[in-house]
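Below is one structure, written out as structure tokens; comments come after it.
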Amino acid sequence: MTGTLLTRLFFAAVGLFMAAPLVVIAGVSISEKRSLTFPPEGFSLAWYGQIFTDAGWRGALTTSVLIALGAATIAVLIALPIAYALWRRVTVIGRVVQLLGVSPFVLPPVITALGALSFWATMGGYGAWYTVVVSHAIFFTSLPLVTISLGFQTIDREVTEAARTMGADERTILTTIVLPMIAPYIVSGFAFAFVLSLNEYIVAYMTVGFTLETVPIKIFNALRYGYTPTMASVSILFVAVAVVVFGLVARFGDLPRLLGAWSDGDGK
């Protein structure tokens with residue numbers, strides 16, 4: 001009993017320690033005063049409204065969302081055929097491609113960012129909007145690659161074999177059996193890539209500099225002119241988006257399997 005109590009107290013303390021910065025930021029975001037002070041002085045939601053009424057913040061938010069949507073879409077389009085090919089037939093070349101797909105996310109972000117900077121500077125595309133979209137897509141491809149690969153592992157091959165026996169060709173099997181079964185894993189991979197792209201700074205800064213402002217870049221640019229609660233409000237907004245997206249994944253998807261808790265075919 002004592003050991004259980006100590007364990008609960010330990011995890012509670014860890015949880016409070018991890019939540020403390022978020023509590024401070026949330027408090028700052030509702031303060032009436034134009035300063036990053038805690039506890040908040042008064043109560044106001046005006047700083048949240050400024051995200052959408054101020055042209056600079058609204059533009060940065062729109063840019064971040066569009067980049068995240070494009071990057072997540074491309075990441076899924078890259079990951080899906082790789083995962084499908086590996087599910088159909090495991091080859092040495094396929095494993096190498098899979099390793100290359102995972103490696104950008106495994107490496108420190110600054111290394112990937114420097115590689116992207118060198119590539120786009122050499123190709124003459126540095127500063128263009130598409131550079132950050134493509135770079136984010138490559139950087140986050142490993143997320144849908146992992147989730148979609150897990151989705152393929154859930155498919156009972158006896159189902160596809162039965163479909164072949166009934167005369168279905170590979171295209172019909174893919175569109176009517178395989179894709180519907182792995183759809184939650186595709187959506188989950190897209191969601192993971194989308195949320196992380198929204199919050200990514202290093203790769204975006206290295207590929208477009210200050211020529212294109214995403215929200216993280218906008219925050220760092222705004223720091224040069226002082227501290228305002230709008231920065232805290234944007235941070236809380238992004239946290240809320242992440243909570244909603246991952247909450248939907250947990251509600252409608254198979255979160256334990258997506259996190260690698262189950263590895264066999266029957267989910268046990």
Side-chain angles (χ1 to χ4, degrees), residues 15-73 75 109-110 113 126-137 139-140 143 190-251:
L16 289 174
F17 178 78
M18 296 179 65
L22 185 60
V23 172
V24 172
I25 293 174
V28 171
S29 70
I30 59 174
S31 176
E32 286 184 342
K33 302 296 183 180
R34 188 182 176 86
S35 60
L36 298 181
T37 57
F38 187 85
E41 300 179 12
F43 177 82
S44 175
L45 297 177
W47 307 113
Y48 287 92
Q50 192 173 18
I51 300 174
F52 304 98
T53 58
D54 182 88
W57 286 106
R58 185 174 64 250
L61 181 61
T62 302
T63 299
S64 290
V65 171
L66 292 177
I67 288 174
L69 288 173
T73 301
V110 67
Y126 176 78
W129 64 268
Y130 60 83
T131 61
V132 65
V133 174
V134 175
S135 299
H136 273 189
F139 186 41
F140 295 119
L143 298 171
F190 178 92
F192 291 153
F194 174 80
V195 170
L196 292 183
S197 177
L198 277 179
N199 293 275
E200 203 284 323
Y201 170 76
I202 299 177
V203 174
Y205 173 71
M206 288 290 191
T207 53
V208 295
F210 294 128
T211 61
L212 185 68
E213 280 193 327
T214 62
V215 169
I217 293 177
K218 172 67 174 176
I219 291 175
F220 279 89
N221 285 345
L223 287 173
R224 295 182 298 176
Y225 305 106
Y227 305 91
T228 67
T230 306
M231 302 175 190
S233 302
V234 171
S235 301
I236 295 299
L237 177 63
F238 271 30
V239 170
V241 170
V243 170
V244 170
V245 171
F246 294 146
L248 291 174
V249 170
R251 173 64 178 84

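Everything numeric in this text was worked out from a predicted model, so none of it was measured.
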Query raised in the report: Which pair of heavy atoms, one from Val245 and one from Ala191, lies closest together, and at what distance?
Result: CG1-CB, 3.3 Å

Query raised in the report: Going through the checks in order, is the side chain to side chain contact (heavy atoms under 4.5 Å, CB included) test met by Trp57 and Ile219?
Result: CA-CA 9 Å; Trp57 286 106; Ile219 291 175; 3.8 Å; yes

**Report entry** Pairs flagged by side chain to side chain donor-acceptor pair (under 3.5 Å) wherever residues 190-199 is involved - sequence neighbours left out
**Finding:** His136-Ser197

For residues 208-215, which side-chain donor-acceptor pairs fall under 3.5 Å, sequence neighbours excluded?
| from | atom 1 | to | atom 2 | distance (Å) |
| --- | --- | --- | --- | --- |
| Thr211 | OG1 | Gly127 | O | 3.2 |
| Thr211 | OG1 | Val208 | O | 2.5 |
| Glu213 | OE2 | Asn221 | ND2 | 2.5 |

Report summary line: Rounded to the nearest 0.5 Å, the OG1 atom of Thr63 sits from the CD1 atom of Ile217 at a distance of 9.5 Å

Query - Minimum side-chain heavy-atom gap Phe139-Leu196 below 4.5 Å - result: no

Query raised in the report: Can you tell me how far NZ of Lys218 sits from CD1 of Ile51, rounded to the nearest 0.5 angstrom?
Result: 12.0 Å

What pairs of donor and acceptor atoms, side-chain ones from residues 231-241 against any protein atom, are under 3.5 angstrom apart with sequence neighbours left out?
| from | atom 1 | to | atom 2 | distance (Å) |
| --- | --- | --- | --- | --- |
| Ser233 | OG | Pro229 | O | 3.0 |
| Ser235 | OG | Met231 | O | 2.9 |

Using distance only, find each side-chain donor-acceptor pair of residues 23-30 under 3.5 Å and give its atom names and separation, not counting sequence neighbours.
| from | atom 1 | to | atom 2 | distance (Å) |
| --- | --- | --- | --- | --- |
| Ser29 | OG | Ala26 | O | 2.6 |
| Ser29 | OG | Tyr48 | OH | 2.7 |

Query raised in the report: Among all residues two or more places apart in sequence or in another chain, which pass the ring-ring contact (aromatic ring centres under 6.0 Å, His included) test with Tyr201?
Result: Tyr205, Phe220

Report summary line: Heavy-atom nearest pair, Ala113 first then Ile202, reads CB-CG2, 3.6 Å

Report task. Kindly determine whether Thr62 and Phe52 satisfy side chain to side chain contact (heavy atoms under 4.5 Å, CB included), including the steps that lead there. Result -> CA-CA 10 Å; Thr62 302; Phe52 304 98; over 6 Å; no

Requested in this report: Kindly write out the residues that satisfy side chain to side chain contact (heavy atoms under 4.5 Å, CB included) with Leu16, not counting sequence neighbours, or none if the list is empty.
Outcome: none

